[in-house]
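Here the structure is laid out as structure tokens; the discussion comes afterwards.
Remember, it's a predicted structure, so these values are computed and weren't measured experimentally. In what follows, chains are A, B, ... by sequence order, proteins preceding strands, each numbered from 1.
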2 protein chains.
Amino acid sequence: MNLLDAVLVALAEPTRRQLLDLLAERGEASASTLAQALPVTRQAIVKHLAVLDDAGLVSSRRAGREVRYRTRPERLAQAARDLSELATAWETRLATIKRLAEEGD
Amino acid sequence: MNLLDAVLVALAEPTRRQLLDLLAERGEASASTLAQALPVTRQAIVKHLAVLDDAGLVSSRRAGREVRYRTRPERLAQAARDLSELATAWETRLATIKRLAEEGD
DNA sequence: AACATGTGCAACCCTGAGGTTGCACTAAGG
DNA sequence: CCTTAGTGCAACCTCAGGGTTGCACATGTT
């Protein structure tokens with residue numbers, strides 16, 4: 001599974017998108033803190049953060065006894081570019097097909 | 001669930017991404033035809049196409065006894081723009097936080 | 001030292017998504 | 001009219017993903 005795939009999978013989950021919102025809002029936060037803002041357990045949060053980390057959408061660092069997470073906008077920006085490219089490729093395809101159809105009739 | 005969410009969910013599935021590839025490649029295809037190119041049943045394909053349709057990533061039209069599907073690049077392009085916006089918003093947040101931290105120290 | 005807070009790990013539960021099979025229905029072609 | 005190819009519907013199966021609980025471990029505080 002390449003990175004774009006991982007990003008898409010990561011973003012497909014409502015809770016994970018909420019987590020990203022919270023992180024973007026706060027700049028940095030621990031799993032325990034985040035758990036207080038959402039209707040799920042800390043453990044669930046941790047799992048989600050792991051998925052987000054695999055997708056490169058968040059990074060973490062240890063600060064004493066807690067682990068702080070933050071967003072990584074570059075990855076999201078990259079994913080956006082990838083999707084954009086894909087869209088352009090489709091458009092080109094469709095344009096070509098349309099053109100051929102018109103010529104051939 | 002708004003449209004971007006639906007798009008993300010739709011794209012999170014490998015088989016659906018393959019379907020989109022095939023459609024982009026062929027310009028137009030029916031569920032039965034697509035099923036021949038993938039290791040799953042026509043029914044599975046139909047379900048996936050329904051999800052893609054809900055997300056606005058494909059459109060369909062009846063042609064005699066078959067239903068032909070095609071990609072809709074605008075939606076994907078829109079999704080790409082939305083993600084890009086989100087990334088920018090995060091970047092702005094992080095920049096602000098960083099600035100405040102420097103000023104306040 | 002004792003306590004509180006945050007994390008890590010593992011087992012477990014359960015729903016939904018992806019997939020299949022079977023059959024009825026409809027349209028095209030001989 | 002009969003056959004063939006494509007679709008639609010519904011019941012069913014299976015498993016990974018999201019979630020929980022319980023407990024051990026580590027760090028900070030008094």
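Nearest nucleotide to the A/S30 side chain, out of C/dG19, D/dT20, C/dT7: C/dT7. In this structure, the nucleotide among D/dT20, D/dT7, C/dT20 sitting nearest to the side chain of B/Q43 is C/dT20. Each of C/dT7, D/dG19, D/dT7 was ranked by its minimum atom distance to the side chain of B/V67; first place goes to D/dT7. Of the candidates C/dA10, C/dG19, C/dT7, C/dG19 carries the atom nearest the B/H48 side chain, counting heavy atoms from C-beta on. In the set D/dA10, C/dG6, C/dA27, C/dA27 carries the atom at the smallest distance from any side-chain atom of B/R65. When each of C/dG19, D/dT27, C/dG22 is scored by its nearest atom to the side-chain atoms of B/V40, the top-ranked nucleotide is C/dG19. Side-chain proximity of B/T41 to D/dT21, C/dA27, C/dT21: nearest is C/dT21.
Side-chain N/O atoms of B/R68 and base N/O atoms of D/dG6 include no donor-acceptor pair closer than 3.5 Å. Contact of A/K47 with D/dG17 (side chain to base): no donor-acceptor pair of N or O atoms is detected under 3.5 Å.
Judged purely by atom type and a 3.5 angstrom limit, B/T33 has no side-chain atom pairing as donor or acceptor with the backbone of B/A29.
For the OP1/OP2 pair of C/dG18 and a distance below 4.0 Å, the side-chain nitrogens and oxygens of B/R16 include at least one atom meeting the criterion. Under 4.0 angstrom from either OP1 or OP2 of D/dT7 there lies at least one side-chain N or O belonging to B/S32.
Map A/G64 and A/P39 each onto its nearest nucleotide of DNA chain D; the residue landing nearer the 5' end is A/P39.
B/R16 approaches B/V9 most closely through the heavy-atom pair NH2-O, 3.2 Å.
Interatomic distance, B/R75 CZ to A/L83 CG, rounded to the nearest 0.5 Å: 15.0 Å.
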